[in-house]
Amino acid sequence: MAKIALITGANKGIGFETARQLGLKGYTVLIGARDQKRGQEAVDILVSEKINAQLIELDPTNPDSIQKAVTAVESQFGVLDVLINNAGKMSDADHAAPASVPLSAFRETYELNVFALHEVTRAFWDLLNKSKAARLVNVSSALGSLTLHSNGGMGDFKVIAYDSSKAAVNMMTTHYAYQWKGTAHKANTIHPGSVKTDLNPNGELTVEEGAKTSVELATVADDGPNGKFFHLGNELPW
Ligand SMILES: NC(=O)c1ccc[n+]([C@@H]2O[C@H](COP(=O)([O-])OP(=O)(O)OC[C@H]3O[C@@H](n4cnc5c(N)ncnc54)[C@H](OP(=O)(O)O)[C@@H]3O)[C@@H](O)[C@H]2O)c1
């Protein structure tokens with residue numbers, strides 16, 4: 001049976017392209033989308049490319065929506081092989097000097113990037129553990145690297161709520177990975193690159209390039225890494 005992969009925020013951007021690339025590898029891809037119409041449009045494109053894609057209505061910030069999604073996956077497949085926590089956002093109010101960024105920007109950003117990521121992971125944990133070799137991929141950012149900010153590697157670009165939310169994602173990933181220590185399952189965190197999407201209109205990479213790292217870690221071998229941070233095959237510093 002084909003492996004089952006759920007990607008959150010898969011109706012567009014890096015998530016959509018990740019679904020396409022996994023679909024082309026033979027995975028059944030579940031397109032997590034908070035908006036039914038946008039999600040179905042994405043599914044229709046993938047299906048027209050002969051990819052086995054299905055819509056899963058999933059707003060990661062809404063516990064009822066998460067529960068419905070778990071029930072749908074459980075009743076149809078009974079297992080989840082890959083979960084890619086891809087949905088993420090950057091608040092407009094984050095584009096200010098760090099000490100001036102309002103708390104509302106933190107709340108808005110953490111709600112999706114941090115709290116929802118944990119809630120989705122927690123909700124799908126039992127189904128992931130039913131896989132022979134589950135893969136959890138958390139879409140973080142090099143902007144979440146404490147090392148790169150402290151050594152100047154990130155230059156002058158500072159968005160404090162977003163950056164700290166991704167640092168939290170990195171830490172959380174080490175903990176999910178710890179829980180899977182000694183098992184066949186793997187949890188890793190990734191930086192897609194600076195990718196041209198609605199979130200980052202000035203990005204330099206295409207979505208095709210931007211999806212590669214998620215796909216690499218979603219399909220990583222059983223002797224592959226667990227609890228690490230990657231970009232295009234290279235390990236990144238925390
Ligand atoms: N692009 C980059 O350069 C870059 C760099 C590093 C990391 N990343 C990370 O890559 C991931 C994908 O980003 P992207 O560039 O592909 O962005 P994108 O094109 O803006 O797509 C974001 C996805 O997340 C969903 N989403 C946004 N806000 C949401 C909310 N409040 N609740 C539920 N879903 C929400 C969107 O759904 P709707 O269409 O319904 O809004 C969409 O499916 C994010 O985690 C981002 O932080 C991106």
Side-chain angles (χ1 to χ4, degrees), residues 6-21 29-43 45-46 53 55-66 68-69 83-94 104-121 136-145 148-149 154 157 159 161-170 172-173 188-215 217-218 229-232 236:
L6 169 63
I7 303 107
T8 67
N11 55 290
K12 67 176 184 180
I14 297 166
F16 175 71
E17 179 58 27
T18 301
R20 171 186 271 138
Q21 292 183 17
V29 286
L30 307 181
I31 304 303
R34 61 175 164 163
D35 181 274
Q36 199 272 343
K37 186 168 175 290
R38 288 197 291 273
Q40 192 56 52
E41 283 166 4
V43 167
I45 295 170
L46 296 177
L55 174 65
I56 291 285
E57 275 188 66
L58 172 55
D59 179 346
T61 64
N62 178 335
D64 288 344
S65 170
I66 296 174
K68 278 188 190 141
L83 172 62
I84 304 185
N85 282 310
N86 168 82
K89 69 173 296 174
M90 189 185 290
S91 165
D92 291 342
D94 216 355
S104 57
F106 277 81
R107 290 214 163 101
E108 195 189 313
T109 307
Y110 277 54
E111 196 60 53
L112 180 63
N113 295 10
V114 180
F115 306 147
L117 184 147
H118 181 67
E119 205 54 12
V120 170
T121 303
L136 171 65
V137 180
N138 289 328
V139 181
S140 177
S141 170
L143 287 167
S145 166
L148 294 175
H149 279 287
M154 278 296 120
F157 191 74
V159 276
Y162 181 85
D163 294 355
S164 58
S165 77
K166 294 300 191 181
V169 168
N170 288 350
M172 288 152 69
T173 307
N188 290 288
T189 177
I190 70 104
H191 169 54
S194 173
V195 184
K196 192 173 172 61
T197 62
D198 289 348
L199 185 147
N200 180 12
N202 299 320
E204 294 118 40
L205 301 184
T206 62
V207 284
E208 286 78 9
E209 294 166 304
K212 275 186 187 163
T213 312
S214 288
V215 173
L217 274 301
F229 184 23
F230 286 101
H231 172 59
L232 289 175
L236 295 183

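If you read the sequence from its start, that first residue is 1, and numbering goes on from there. As the structure lists them, so they are numbered: ligands from 1, and atoms in each ligand from 1.
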Candidates A116, G88, S140, G39; heavy atom nearest atom 7 (C) of ligand 1 found on S140

When you compare the side chain of T213 with that of P192, does any pair of heavy atoms fall below 4.5 Å?
no

Compare N113, D59, I14, N200 and give the one whose heavy atom is closest to atom 48 (C) of ligand 1.
I14

Applying a 4.0 Å heavy-atom criterion (strictly less than), which segment of A142 is in contact with ligand 1: side chain, backbone, both, or neither?
neither

Do V139 and I190 come within less than 4.5 Å of each other through their side chains, counting heavy atoms only?
yes

Taking N or O atoms only and a 3.5 Å limit, does G9 qualify as a polar contact for ligand 1?
yes

Please state which protein non-hydrogen atom is closest to atom 17 (O) of ligand 1 and give its distance, to 0.1 Å?
L199 CB, 3.4 Å

Do me a favour and list the nearest non-hydrogen protein atom to atom 15 (O) of ligand 1 with residue, atom name and distance?
T197 OG1, 2.6 Å

Does the side chain of T8 reach to within under 4.5 Å of the side chain of V120, using non-hydrogen atoms?
yes

From the options T8, I190, V139, N85, select the one whose nearest heavy atom is closest to atom 10 (O) of ligand 1.
V139

For atom 35 (C) of ligand 1, the option (of R34, K89, M90) bearing the nearest heavy atom
R34

Residue and atom name of the nearest protein heavy atom (relative to atom 18 (P) of ligand 1), distance in Å to one decimal
K12 CE, 3.8 Å

Is K196 touching ligand 1 with its side chain, its backbone, both, or neither, if touching means heavy atoms under 4.0 Å apart?
neither

Between R20 and L46, is there a side-chain heavy-atom distance shorter than 4.5 Å?
yes

So the atoms of ligand 1 within less than 4.0 Å of a heavy atom of S141 turn out to be 6 (C), 7 (C)

Using a 4.5 Å cut-off on heavy atoms from C-beta on, say whether the side chain of F106 contacts that of S91.
no

M172 side chain near L117 side chain, heavy-atom distance below 4.5 Å:
yes

Quick test of your reading of the model: are E57 and K68 salt-bridged, counting only N-O distances below 4.0 Å?
no

One thing to verify: whether K37 and E41 come together as a salt bridge, which I'm taking to mean a side-chain N less than 4.0 angstrom from a carboxylate O.
yes

Closest to atom 44 (C) of ligand 1 (heavy atoms only, candidates V195, I84, N86, T61) is N86

So, 4.0 Å and heavy atoms of G203: is ligand 1 close enough to count as a contact?
no

Atom 43 (O) of ligand 1 has as its nearest protein heavy atom N11 OD1, 2.7 Å

Quick check: does S194 get an N/O under 3.5 Å from an N/O on ligand 1?
no

Proximal atoms of ligand 1 relative to G193 (non-hydrogen, under 4.0 Å)
2 (C), 3 (O), 4 (C), 5 (C), 6 (C)

Is there a side-chain contact between V207 and V195 in this structure, where contact means two heavy atoms from C-beta onward sitting under 4.5 Å apart?
yes

Shortest non-hydrogen contact from I14 to G210?
CG2-O, 3.7 Å

Shortest non-hydrogen pair, A211 vs E17, comes out as CB-CG, 3.6 Å

Could you tell me, atom by atom, which parts of ligand 1 come under 4.0 Å of a heavy atom of P60?
33 (C)

If the contact criterion is a heavy-atom separation under 4.0 Å, does D35 count as touching ligand 1?
no

Measuring from the heavy atoms of K166, does anything fall under 4.0 Å of ligand 1?
yes

Show the atoms of ligand 1 that are less than 4.0 angstrom away from any heavy atom in A87.
24 (O), 45 (O)

Y162 near ligand 1 by a heavy-atom separation under 4.0 Å
yes

Tell me, which protein residue and heavy-atom name are nearest atom 26 (N) of ligand 1, and how many Å apart are they?
L112 CD2, 4.1 Å

